[in-house]
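A short write-up of the structure that comes next.
As the structure is a prediction and not an experimental result, all values here were calculated from the model.
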Amino acid sequence: ITHHEYFLPPDAPKPFGTRSVVDRYKNGLRFADDVLGRLIDGYRARGLLDDTVIVVVGDHGEAFDEHPGNRLHGSFLYEENLRTPLLIRAPSLPAGTQRSRRPSTHADVAPTILSLLGVPAATRPGALDESAVRDLLADTFTARPTVHATSFPTSLVAVRGPRLKAITSEDGRIAELYDLVADPREQSPLDDERATASLIAHGRRTLARRAQVLTSAPRLGPGWLERAASSSQLTLSSGRVFNMVRPCLPLSTSSAQ
């Protein structure tokens, strides 16, 4: 319901109206929030809320022409595409609402959950790049550049540091650098070839390492999407889904799995 085309049940409230696609998107967000509230109320009514870790995370942002041609989420790597919600409620966290500005990616979610459950998180040399696994709530947290990529219609890589962010295309014809503190809407590219090259080099190393891990994972046969297509004559998209063993993100040194 928060995904294009933002369809809602017929009886869902529409407090933002329906004049534009942005209005429909906001209505979807409101409805999703109401549904989540009902779920949490259900845990509270059953006496389970104080013994439950709740994590809500989005997989991408949503764009509405903040940059020319940037609509929905898959084609660009500006902040409107990359910023996603991550909400955590846990009995061990301090009361009240806290906001964090720690830069993160989805790779950080699992070790953060394990930490909240009291399971020690660890990395294993030779698996995914060691810097990719961090507890977002740890006192020892240190910021590192985050790496993002998209492939349609143009292959792009973005590397986001604490302040600077570089965006480049696979062929090198696109190279943009932004100061996210002074220019959070990314409207005024900077001219600093050295800083751009440094961030992009970090991004390419990280993506190459991830590709190596994924391509070396044992295959278990055709992925579920391919099997579904062969049985129901569905049309496969250009993105292939593989059914593979992923030993690339070990999170615990204990026997608890």
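Proximity of a side-chain donor or acceptor of Arg102 to a complementary backbone N or O of Leu136 within less than 3.5 Å is detected. The backbone N or O of Glu5 lies less than 3.5 Å from a partner atom in the side chain of Arg24, making a donor-acceptor pair. No donor-acceptor pair under 3.5 Å is formed between the side chain of Arg204 and the backbone N or O of Ile200. No donor-acceptor distance shorter than 3.5 angstrom exists from the side chain of Asp135 to the backbone of Ser115, with no hydrogens or angles considered. For Ser169 (side chain) and Leu156 (main-chain N/O), no donor-acceptor pair under 3.5 Å exists by modelled atom type. Judged by distance alone, with hydrogens and angles left aside, the side-chain atoms of Glu79 form no donor-acceptor pair with the main-chain N or O of Pro184 at under 3.5 Å.
Heavy atoms from other residues, nucleotides or ligands lying under 6.0 Å from CD of Gln187 number more than 12. A 6.0 Å sphere centred on CZ of Phe141 holds more than 12 heavy atoms belonging to other residues, nucleotides or ligands. The environment of Asp65 atom CG is dense: over 12 non-hydrogen atoms of other residues, nucleotides or ligands sit within 6.0 angstrom.
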Inset, instruction - Apply the test side chain to side chain contact (heavy atoms under 4.5 Å, CB included) to residues Asp33 and Val35: give CA-CA distance (whole Å), side-chain angles for both, the deciding distance (0.1 Å), then the verdict. - result: CA-CA 5 Å; Asp33 187 62; Val35 172; over 6 Å; no
Inset, instruction - Please lay out, stage by stage, how Thr146 and His148 fare under the test side chain to side chain donor-acceptor pair (under 3.5 Å). - result: CA-CA 7 Å; Thr146 58; His148 315 268; 2.9 Å; yes
Inset, instruction - Tell me, with the steps shown, if Tyr178 and Ile167 meet side chain to side chain contact (heavy atoms under 4.5 Å, CB included). - result: CA-CA 9 Å; Tyr178 296 97; Ile167 303 174; 4.3 Å; yes
Inset, instruction - Check the pair His67 / Glu186 against side chain to side chain contact (heavy atoms under 4.5 Å, CB included), numbers first and verdict last. - result: CA-CA 9 Å; His67 292 84; Glu186 298 167 294; 3.7 Å; yes
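Cluster partners of Val159, using a side-chain heavy-atom cutoff of under 4.5 Å among ILVMFWY residues and allowing indirect links, are Val147, Val157, Leu164, Leu177, Leu190, Leu199, Leu207.
Residues Arg194 and Ser198 form no side-chain contact, since every pair of their non-hydrogen atoms from C-beta on lies 4.5 Å or further apart. Between Asn27 and Pro15 the shortest side-chain heavy-atom distance falls below 4.5 Å. Side-chain contact between Val55 and Ile113 is present, with at least one heavy-atom pair separated by less than 4.5 Å. Counting heavy atoms from C-beta on, the side chains of His106 and Val57 come closer than 4.5 Å. Side-chain atoms of Thr105 and Arg144, non-hydrogen and from C-beta on, do get closer than 4.5 Å to each other. The side-chain heavy atoms of Asp51 and Pro91, taken from C-beta on, include no pair separated by under 4.5 Å. Put simply, the side chain of Asp23 does not reach to within 4.5 Å of the side chain of Thr18, judged on heavy atoms. Counting heavy atoms from C-beta on, the side chains of Val56 and Leu86 never come closer than 4.5 Å.
Salt-bridge check for Arg38 with Asp34: failed, with every basic side-chain N at 4.0 Å or more from each acidic carboxylate O. Salt bridge status for Lys165 with Glu176: absent, with no side-chain N to carboxylate O gap under 4.0 Å. Salt-bridge annotation for Glu62 and Arg71: absent, with no side-chain N of the basic residue lying under 4.0 Å from a carboxylate O of the acidic one. A salt bridge links Asp41 with Arg44; the closest basic N to acidic carboxylate O contact falls under 4.0 Å.
In the hydrophobic cluster analysis, where Ile, Leu, Val, Met, Phe, Trp and Tyr join through side-chain heavy atoms closer than 4.5 angstrom, Val109 is grouped apart from Leu36. Residue Ile40 is not grouped with residue Ile88 when hydrophobic side chains (ILVMFWY) are merged at heavy-atom distances under 4.5 angstrom, including chains of intermediate members. Both Leu93 and Leu114 belong to a single network of hydrophobic side chains, linked directly or stepwise wherever heavy atoms of I, L, V, M, F, W or Y lie under 4.5 Å apart. Hydrophobic clustering places Val22 together with Leu72 (ILVMFWY residues linked when any side-chain heavy atoms are closer than 4.5 Å, directly or through intermediates).
Here the shortest heavy-atom pairing between Pro111 and Ala107 reads CD-O, 3.3 Å. In this structure, Ala175 and Thr196 approach most closely via the heavy-atom pair CB-CG2, 4.5 Å. Here the closest non-hydrogen pair linking Lys14 and Pro9 is NZ-O, 4.0 Å.
Scored by the ring-ring contact (aromatic ring centres under 6.0 Å, His included) test, Phe76 finds Tyr78 as partners (sequence neighbours excluded).
In this structure, CD in Glu80 is found 5.0 Å from CG in Asn70, a value given to the nearest 0.5 Å. For the atom pair Ser20 OG and Lys26 NZ, the distance stands at 7.5 Å (nearest 0.5 Å). Distance check, rounded to the nearest 0.5 Å: CZ of Arg89 to CG of Leu116 gives 12.0 Å.
The six-membered or imidazole ring of Phe64 lies near that of Tyr25, with a centre-to-centre distance under 6.0 Å.
Ring orientation note: the planes of His73 and His60 are close to parallel, at an angle under 30° on the 30°/60° scale.
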